[in-house]
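So the structure is just underneath, and the comments pick up after that.
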Amino acid sequence: MNLSRDQIAERLAGAGYIADAELAVAISLMDLLKRPLLLEGEAGVGKTEVAKALAAVHSAELIRLQCYEGLDQSTALYEWNYQRQLLAIQAHQAEAGGKAGAIEDQIFSEKYLLERPLLAAIRREKPPVLLIDEVDRADEEFEAFLLELLSDFQVSIPELGTITAVSIPHVVLTSNGTRELSDALRRRCLYHYVDYPDVDREARIIMARVQGAGASLSLQIAQMVESIRKEDLRKVPGVAETLDWAAALVGLDVRDLADRPETVHETLMCLLKTHEDKARLSREVTERLLGKVA
């Protein structure tokens, strides 16, 4: 059953993810067309969380492939259980007088196959959510390998032949834009750019994810974070950092940021991840930004 945009948004919210209207449309079309969804945006804006929330929406298994430089097919698709194969060969040699060739078909069978994320995703009876995380960190050769999977939902294993998907998984790819992705990959996907949330949506995210964060405090935190993001920072804080900071403030029993400026400044370590950024956000700057929030 395909869900409408509003139904998608409502169910994502129930899973703790507050989506904007465009993302809800993208996910609705993704389910309707059975197409992968490419989410692009800065680190920390919540791209990975979309896949996690989508798995909750569909009550589906989340299968994650974390990409990195040097990722190859054997790590992403399948491997043979070499230890079991070697033991089988040795046992066969002992029984058959040293003729190892006769066992070749047996050891390259399902019994000795180790599934990795891509193969596992297309062999599930119930469609899982396949998250191909930070695909821009993988090499161009691996990106080219993905094309068969994303277009036909099938993969080729030399010893077993072509394996076609039992069910079509919900595929989410994320990219931080560290390198340009190929046109071929982009053509196979629906596309959505995930930006930092506006103040209202970030306040709703805080209330949904941080127990004890009331509306007033959540709005203040979201306003403060928006102001901090406008400063000349090396690493702009993402939504994950906002949630960490909100949890810290709630845990320290902060009810109003203006009442606890010292605590606000001391806890900015939850947002700031470099020495340079901590130096830029001096106490004077913190007080100036707090004045805007108040």
Side-chain angles (χ1 to χ4, degrees), residues 1-3 5 7-9 11-12 15 17 19 22-41 45-68 71-78 115-157 162-194:
M1 179 181 68
N2 295 312
L3 302 175
R5 180 193 71 179
Q7 289 173 318
I8 286 287
R11 294 196 182 188
L12 287 173
Y17 192 95
E22 287 187 5
L23 177 58
V25 170
I27 292 175
S28 178
L29 292 176
M30 166 194 176
D31 289 343
L32 176 65
L33 302 176
K34 308 299 181 187
R35 295 279 298 279
L37 175 62
L38 172 61
L39 300 176
E40 203 163 33
V45 294
K47 302 183 296 296
T48 299
E49 293 299 316
V50 172
K52 294 179 180 179
L54 191 60
V57 166
H58 291 291
S59 300
E61 177 185 3
L62 175 65
I63 299 176
R64 180 174 182 173
L65 173 64
Q66 178 63 51
C67 297
Y68 54 86
L71 177 65
D72 57 17
Q73 294 185 31
S74 64
T75 305
L77 183 59
Y78 75 98
E115 287 184 344
R116 296 307 182 216
L118 297 183
L119 182 60
I122 66 171
R123 302 217 304 175
R124 295 290 192 265
E125 292 291 337
K126 180 179 179 180
V129 173
L130 171 62
L131 169 61
I132 304 176
D133 212 7
E134 297 184 319
V135 66
D136 53 316
R137 295 188 181 278
D139 301 325
E140 293 180 3
E141 291 78 6
F142 181 76
E143 184 183 324
F145 158 70
L146 283 177
L147 298 181
E148 180 184 15
L149 175 73
L150 298 180
S151 59
D152 300 323
F153 291 101
Q154 65 180 30
V155 293
S156 299
I157 297 178
T162 300
I163 297 178
T164 304
V166 175
S167 60
I168 304 300
H170 310 278
V171 183
V172 176
L173 300 92
T174 73
S175 169
N176 295 335
T178 58
R179 71 170 176 84
E180 182 60 35
L181 301 177
S182 69
D183 290 342
L185 180 68
R186 290 182 180 276
R187 283 197 303 269
R188 284 163 173 78
C189 302
L190 300 176
Y191 177 82
H192 178 69
Y193 186 84
V194 182

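Quick note: numbers below take in every heavy atom, side chains included, and nothing from hydrogens, waters or symmetry partners.
Sequence neighbours left out, not one pair with a member in residues 26-39 passes salt bridge (charged side-chain N to carboxylate O under 4.0 Å, His left out). For residues 165-176, the set of pairs meeting the salt bridge (charged side-chain N to carboxylate O under 4.0 Å, His left out) definition, not counting sequence neighbours, is empty.
Across Leu62 and Ala55, no two heavy atoms sit closer than the pair CB-CB, 4.0 Å. In terms of heavy atoms, Ala76 sits closest to Leu65 at CB-CD2, 3.8 Å. Across all their heavy atoms, Leu119 and Ile157 have their closest contact at CD2-CD1, 4.2 Å.
Counting heavy atoms from C-beta outward, Leu54 and Leu37 have side chains that stay 4.5 Å or more apart. Looking at Glu148 and Ser156, their side chains come closer than 4.5 Å, going by heavy atoms from C-beta outward. You'll find the side chain of Lys126 stays beyond 4.5 Å of the side chain of Ser167, heavy atoms only. Between Val171 and Phe153 the shortest side-chain heavy-atom distance falls below 4.5 Å. Contact annotation: the side chain of Val172 approaches that of Met30 to within less than 4.5 Å [non-hydrogen atoms, C-beta and beyond]. Contact annotation: the side chain of Ile27 approaches that of Leu12 to within less than 4.5 Å [non-hydrogen atoms, C-beta and beyond]. Between Pro117 and Ile63, some side-chain heavy-atom pair lies under the 4.5 Å cut-off. Counting only heavy atoms from C-beta outward, the side chains of Tyr68 and Thr75 approach each other to under 4.5 Å.
Here Ile132 contributes atom CD1 and Leu173 contributes atom CG; the two are 4.5 Å apart, rounded to the nearest 0.5 Å. Atom CD of residue Glu143 and atom CD of residue Glu141 lie 9.5 Å apart, to the nearest 0.5 angstrom. In this structure, CG in Leu150 is found 12.5 Å from CZ in Arg187, a value given to the nearest 0.5 Å. Interatomic distance, Leu146 CG to Gln73 CD, rounded to the nearest 0.5 Å: 9.5 Å.
Between Arg186 and Glu180, at least one side-chain nitrogen of the basic residue sits less than 4.0 Å from a carboxylate oxygen of the acidic one, meeting the salt-bridge criterion.
Within a 6.0 Å sphere centred on CD of Glu140, other residues, nucleotides and ligands contribute 12 heavy atoms or fewer.
With sequence neighbours left out, the side chain to side chain contact (heavy atoms under 4.5 Å, CB included) criterion links Asp152 to Gln154.
Partner of Glu134 under the side-chain hydrogen bond (donor to acceptor under 3.5 Å, both in side chains) criterion, out of Asn176, Thr174, Thr48: Asn176 alone.
In this structure, the side chain of Arg179 engages the main chain of Ala138 through a donor-acceptor pair within 3.5 Å. When atom types are taken as modelled, the side chain of Lys47 and the backbone of Gly41 share a donor-acceptor pair closer than 3.5 angstrom.
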